[in-house]
Amino acid sequence: MRVGRAGRVEELSLHELAYLAGGPWRVAETALVRLLLTARVEIDRHGMVRVVRPRPRDEVEAVLLAALGPSGTGWLGAPHAAFGPSAPARDLEARLRSRGLLVGGGTAVTGGRSLRLPTAVVVPLLIVVSVVTARTAVTVLGADPGAAMVLSSLVALLVAVALTRRTSHPDPYGRPAPRVLPLLAALRAGEPLPPGWRLPEDAPTPTGRTTWAALAVTGVGALRRRRLTAAFHGGHAWPPPRRDSRLVAGRSRADVVRPAGSPGRP
């Protein structure tokens with residue numbers, strides 16, 4: 001279905017919404033937070049994940065849980081890294097492209113310059129070029145030493161530019177189509193959905209201080225839970241654990257991020 005065709009409504013799943021807002025990474029982040037808030041995983045302040053109940057609800061969660069291995073414990077980056085090249089991620093992208101909601105991607109993005117030769121070869125070469133140019137300017141052209149130095153520097157600079165090349169890297173992911181942007185903006189601002197869009201019934205379900213849809217569009221920061229956000233971003237904002245904290249499975253209670261409404265809520 002397409003927006004703007006005789007009252008047709010475009011319906012997005014939560015994973016599709018997350019992909020449009022932030023690509024595969026956002027999909028994995030949203031699914032991981034859902035796993036956490038439904039008490040199926042725990043995440044400590046160092047970004048380590050422990051599976052509590054290995055019960056995936058869909059293929060996205062299955063990929064994330066499988067990435068933690070048989071032990072059910074691993075770094076938060078492992079599920080993120082595993083989801084990007086997975087079949088569910090490719091299926092999401094294909095569906096969105098077929099509906100015209102995702103465009104671009106797969107093209108080369110021009111980057112900076114890099115040396116064609118190793119630095120150990122280029123530096124001596126530039127020195128030799130500079131010295132030869134200066135001596136030639138003095139002996140052949142009769143230039144004074146100051147002008148010869150300026151000329152040799154310019155020649156060395158031109159040689160350095162000639163020995164560099166423009167680099168590029170593939171941009172594998174697309175971007176939301178223009179007609180999707182008003183939807184994303186409305187969700188980020190907490191406004192009603194624009195006409196012609198529909199989200200799943202569970203998308204407006206409150207989770208802490210926000211909704212699943214806002215989480216998919218904005219990321220974990222939408223929950224406004226400092227410890228949880230810190231766990232997803234390296235744990236830099238975590239306060240030190242209290243000295244009187246009792247240990248739980250070798251970790252202090254202050255180290256563990258728990259679902260909303262449970263003891264020790266972030």
Just wondering, are more than 12 heavy atoms of other shown residues or ligands nearer than 6.0 Å to CZ in R55?
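Count not over threshold, so no.
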Distance from [X] atom [atom1] to [Y] atom [atom2], nearest 0.5 Å?
X    : Y    : atom1 : atom2 : answer
M48  : I43  : CE    : CD1   : 11.0 Å
L181 : R175 : CG    : CZ    : 10.0 Å
L35  : R53  : CG    : CZ    : 9.5 Å
L101 : E10  : CG    : CD    : 4.5 Å
L17  : L92  : CG    : CG    : 11.0 Å
L96  : L20  : CG    : CG    : 4.5 Å

Going by side-chain contact (heavy atoms from CB on, under 4.5 Å), name the residues that satisfy it together with [X], two or more places apart in sequence or in a different chain.
X    : result
L154 : V150
A186 : E191, P194
A18  : R26, V27, T30, A216
T133 : V129, L151, S152, V155

Between the side chain of [X] and the main-chain N/O of [Y], is any donor-acceptor distance below 3.5 Å?
X   : Y    : answer
R34 : W212 : no
R97 : G104 : yes
E29 : V220 : yes

List the atom of [X], the atom of [Y], and the distance in Å for their closest heavy-atom pair.
X    : Y    : result
A213 : L187 : CB-CD2, 4.2 Å
P200 : L12  : CD-O, 2.8 Å
A222 : A214 : CB-O, 3.8 Å
A89  : Y19  : O-CE1, 3.9 Å

Tell me every residue that passes side-chain hydrogen bond (donor to acceptor under 3.5 Å, both in side chains) with D58, counting only those two or more places apart in sequence or in another chain.
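Expected list: H15.
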Does any non-hydrogen side-chain atom of [Y] lie less than 4.5 Å from one of [X]?
X    : Y    : result
V41  : L32  : no
R50  : V52  : yes
V217 : L183 : no
T229 : L223 : no

Is there any salt bridge (charged side-chain N to carboxylate O under 4.0 Å, His left out) pair reaching into residues 61-75, and which pairs are they, with sequence neighbours excluded?
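Non-adjacent pairs meeting salt bridge (charged side-chain N to carboxylate O under 4.0 Å, His left out): R40-E61.
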Keeping to residues at least two apart or across chains, list the salt bridge (charged side-chain N to carboxylate O under 4.0 Å, His left out) pairs with something in residues 14-25.
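Residue pairs with at least one partner in residues 14-25: E16-R95, E16-R99.
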Using residues 73-84 as the side-chain source, report each donor-acceptor pair under 3.5 Å to any protein atom, sequence neighbours left out, with the distance given to one decimal.
| from | atom 1 | to | atom 2 | distance (Å) |
| --- | --- | --- | --- | --- |
| H80 | ND1 | L76 | O | 3.3 |

Run R225 and V33 through side-chain contact (heavy atoms from CB on, under 4.5 Å) and show every step you take.
CA-CA 12 Å; R225 294 170 61 184; V33 173; over 6 Å; no
Group every Ile, Leu, Val, Met, Phe, Trp and Tyr by side-chain heavy-atom contacts under 4.5 Å, then state whether V63 and V51 land in the same group.
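V63 clusters together with V51.
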